[in-house]
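I have placed the structure first, in the form of C-alpha cells, so that the comments after it can refer back to it.
Both counts, for ligands and for their atoms, begin at 1 and track the order of listing. Please read all numbers here as calculations on a predicted model, not as lab measurements.
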Amino acid sequence: MPVLLDGKKIRDEILAELRPRVEALALAARTPGLAVVLAGGDPASAIYVKNKIKACGELGISSVHLTPPETVTTDELLAMVAQLNARPDIDGILVQMPLPKHVDAHRILLAVAPDKDVDGFHPCNIGNMVSGNPGPRPCTPSGVMELLRRYRIAIAGKRAVVVGRSDIVGKPMAMLLLHAHATVTICHSKTVDLAAECRRADILVAAIGRPALIRGDFIKLGATVIDVGMNRLDTAAQVEAIFPDNQEKQQEFLRKGSLLLGDVHPLETAHAGAVTPVPGGVGPLTIAMLMANTVASAEQRLGRAPVP
Ligand code: NDP
C-alpha cells in the first residue's frame, strides 16, 4: 500500500516551527498582522476565510477581516487595499478570490503592495519565483513542496507531471518543481493522451478540479501522487457514477449530505508509492504556508524598520 502523506501532520509541524517566531516578533512589539478581504457572500470563500482567520488566532497572528458587500466597486476595493498597504500593523493582505464578476480582479491584485502579497500572486512576486529570487511563493504549491521535502521524497532528476495550468496552482507548482530540478511536464485540457503523459510521472500532481479524473491506469507503479483537487459531490447520481455499486460510499454520502473528492480516484492508487488523501492532504498545508508567508513578511519589515 502507498505511504499516506499526512498533510495535517506536516501542517502541525510547520505551525509549531512558526510559533516561536511569532512570539519573538510579539516580544519586539511587532505582532504579525494579516488582513483578509472577502467581498460578497460566496459560501465556499466564507469557509476558507473563516479557517484562515482561525489559524491566525491559534498562532498569535492578529487578523483584520473586511467584508465589503457583493455590490462593492473596483474603486472601493482599490481604496480599501491602499489603506491596508499603508497600515504599519498589517504585514499581509489577502483578497479572497473569486471577486464579484463586475470587479476588475487584475487591478486589485496589482494594487496589493508586493511586500504584503502573502498569496504570492503579484506579478513582481511571480517574477521573483520564476527567476528564483526570494519572495513569497503561492501557498498551495509551496505547501506541496514542504510535504515532499518533509517526507524526503526525492525530486531532483525525477520526472514530474503537473495536470492543470492555473496561475494559482498548476503554473507555480511546475515552476517550484523545476527549481527543485525535476524534469517537468505541464498538462491541461488540450493535452492529447493525458493518461500516457501521467504514466511517465515519478511525481504526479493533479490540480484540475474534476472529481476522480485521474484513474489507476494514469499512475506509474511506485509514483508519488499529489491530489490538489477539492471537489464536492452533491448528488447520489454523481457518487454512483464514480463509485458504482459502492454501498460504503453511498452511505457516507447519505450521512454527510455530500462527498469531498479529489482529482484522483481514491480507490485506484494501491500501486502508487505515496499519496495525499482528500481531505487531509494538500488542503491543510495551504493555510500553513499562508501563515509562514505572513510571519516572514513581518520579520522582513522588522528588519527594515527596527523597533525603537
Ligand atoms: P482552474 O479551474 O483554474 O484550473 C484547472 C486546470 O485544469 C486548467 O489548467 C485546465 O486546463 C485543467 N483541466 C481541466 N479539465 C481538464 C482535463 N479534462 N484534462 C486535463 N486538464 C484539465 O483550477 P485551480 O487550479 O484553481 O484548482 C484546481 C483544483 O485544486 C480545484 O479542485 C480546486 O478546488 C483545488 N484547489 C485546492 C486547494 C487546496 O488548498 N487544496 C487550493 C487551490 C485549489 P485549461 O487551462 O486548458 O482549461
Side-chain angles (χ1 to χ4, degrees), residues 5-8 10-11 14-15 36 42-52 54-55 94-99 105-106 109 118-121 126 136-148 161-177 184-201 204-215 217-219 225-234 238 241-242 258-266 275-293:
L5 303 173
D6 184 346
K8 290 185 186 164
I10 302 301
R11 171 200 58 196
I14 295 168
L15 294 181
V36 183
D42 178 49
S45 296
I47 294 172
Y48 296 146
V49 165
K50 191 174 133 221
N51 290 336
K52 289 166 185 172
K54 183 165 164 252
L94 184 154
V95 183
Q96 184 68 40
M97 299 289 161
L99 287 169
H106 186 64
L109 202 127
V118 281
D119 258 339
F121 294 161
I126 293 169
R137 305 296 190 234
C139 300
T140 302
S142 63
V144 171
M145 296 306 286
E146 277 299 313
L147 189 75
L148 295 172
V161 173
V162 179
V163 189
R165 56 175 165 180
S166 72
D167 290 342
I168 61 168
V169 191
K171 281 182 204 160
M173 185 74 254
M175 194 52 63
L176 296 182
L177 287 163
V184 183
T185 301
I186 306 175
C187 299
H188 45 78
S189 65
K190 305 289 184 294
T191 296
V192 176
D193 203 347
L194 181 65
E197 296 293 345
C198 291
R199 264 195 302 275
R200 294 204 197 109
L204 176 61
V205 183
I208 313 164
R210 301 277 182 278
L213 182 90
I214 304 293
R215 306 299 302 252
D217 64 334
F218 289 38
I219 299 169
V225 181
I226 306 291
D227 191 353
V228 180
M230 295 216 289
N231 311 292
R232 199 164 286 284
L233 304 185
D234 292 318
Q238 283 176 312
I242 292 174
S258 65
L259 274 190
L260 188 64
L261 199 69
D263 292 337
V264 179
H265 199 301
V275 295
T276 56
V278 175
V282 175
L285 296 168
T286 300
I287 292 187
M289 298 318 288
L290 175 68
M291 299 298 114
N293 281 349

Can you tell me how far CG of Leu176 sits from OG of Ser142, rounded to the nearest 0.5 angstrom?
7.0 Å
By number and element, which atoms of ligand 1 are closer than 4.0 Å to a non-hydrogen atom of Thr286?
39 (C), 40 (O)
Heavy atoms, side chains only, cut-off 4.5 Å: are Asp167 and Ile126 in contact?
no
Verdict with reasoning, Ile219 to Cys198, per side chain to side chain contact (heavy atoms under 4.5 Å, CB included)
CA-CA 6 Å; Ile219 299 169; Cys198 291; over 6 Å; no
State the atoms of ligand 1, each with its element, that fall below the 4.0 Å cut-off from a heavy-atom position in Gly164.
6 (C), 7 (O), 9 (O)
What do you reckon, does Val163 have a nitrogen or oxygen under 3.5 Å from a nitrogen or oxygen of ligand 1?
no
Any idea which protein heavy atom is nearest atom 34 (O) of ligand 1, and the distance to it?
Met230 O, 3.4 Å
Considering both backbone and side-chain atoms of Lys190, is one of its nitrogen or oxygen atoms within less than 3.5 Å of a nitrogen or oxygen in ligand 1?
no
Can you name the atoms of ligand 1, numbered from 1 with element, that are less than 4.0 Å from a heavy atom of Val169?
25 (O), 43 (C), 44 (C)
Numbered in order shown, the ligand 1 atoms found under 4.0 Å of a heavy atom of Gly283 are 40 (O), 41 (N)
Got Asp263 and Val163 here, is their nearest side-chain heavy-atom distance under 4.5 Å?
no
Yes or no: does Ala207 have any heavy atom under 4.0 Å from an atom of ligand 1?
yes
Could you give the distance from CD1 (Ile168) to CE (Met97), rounded to the nearest 0.5 Å?
9.5 Å
Check: Leu5 and Ile226 side chains under 4.5 Å, non-hydrogen atoms:
yes
Which bit of Thr191 gets closer than 4.0 Å to ligand 1, counting heavy atoms only: side chain, backbone, both or neither?
neither
For atom 29 (C) of ligand 1, which of Pro279, Pro172, Cys139, Gly209 has the closest heavy atom?
Gly209
Is Thr140 touching ligand 1 with its side chain, its backbone, both, or neither, if touching means heavy atoms under 4.0 Å apart?
side chain
State whether the number of non-hydrogen atoms from other residues, nucleotides or ligands found under 6.0 Å of His188 atom NE2 is greater than 12.
yes
Is ligand 1 under 4.0 Å from a heavy atom in the side chain of Leu285, in the backbone, in both, or in neither?
neither
Gap between atom CD1 of Ile287 and atom OG1 of Thr140 - 0.5 Å precision:
9.5 Å
To the nearest 0.1 Å, how far is atom 8 (C) of ligand 1 from its closest protein heavy atom, and which atom is that?
Arg165 N, 4.0 Å
Protein contact to atom 14 (C) of ligand 1 [nearest heavy atom, distance to 0.1 Å]:
Ile208 CG2, 3.5 Å
What residue and atom, counting heavy atoms only, is the protein's closest point to atom 20 (C) of ligand 1, and at what distance?
His188 O, 3.1 Å
Near Asn231, which atoms of ligand 1 are under 4.0 Å from a heavy atom of that residue?
32 (O)
For the atom pair NZ (Lys50) and NZ (Lys52), what is the distance rounded to the nearest 0.5 Å?
13.5 Å
With respect to Lys8, which candidate in Pro284, Pro277, Pro279 satisfies the side-chain contact (heavy atoms from CB on, under 4.5 Å) definition?
Pro284
Nearest protein heavy atom to atom 11 (O) of ligand 1, by residue and atom, and its distance?
Ser189 N, 3.2 Å
For atom 3 (O) of ligand 1, which of Gly281, Ser166, Pro98, Cys187 has the closest heavy atom?
Ser166
In this structure, atom 41 (N) of ligand 1 is nearest to the protein heavy atom Val228 O, 3.4 Å
With heavy-atom distances below 4.0 Å as the criterion, list the atoms of ligand 1 near Ile168.
26 (O)
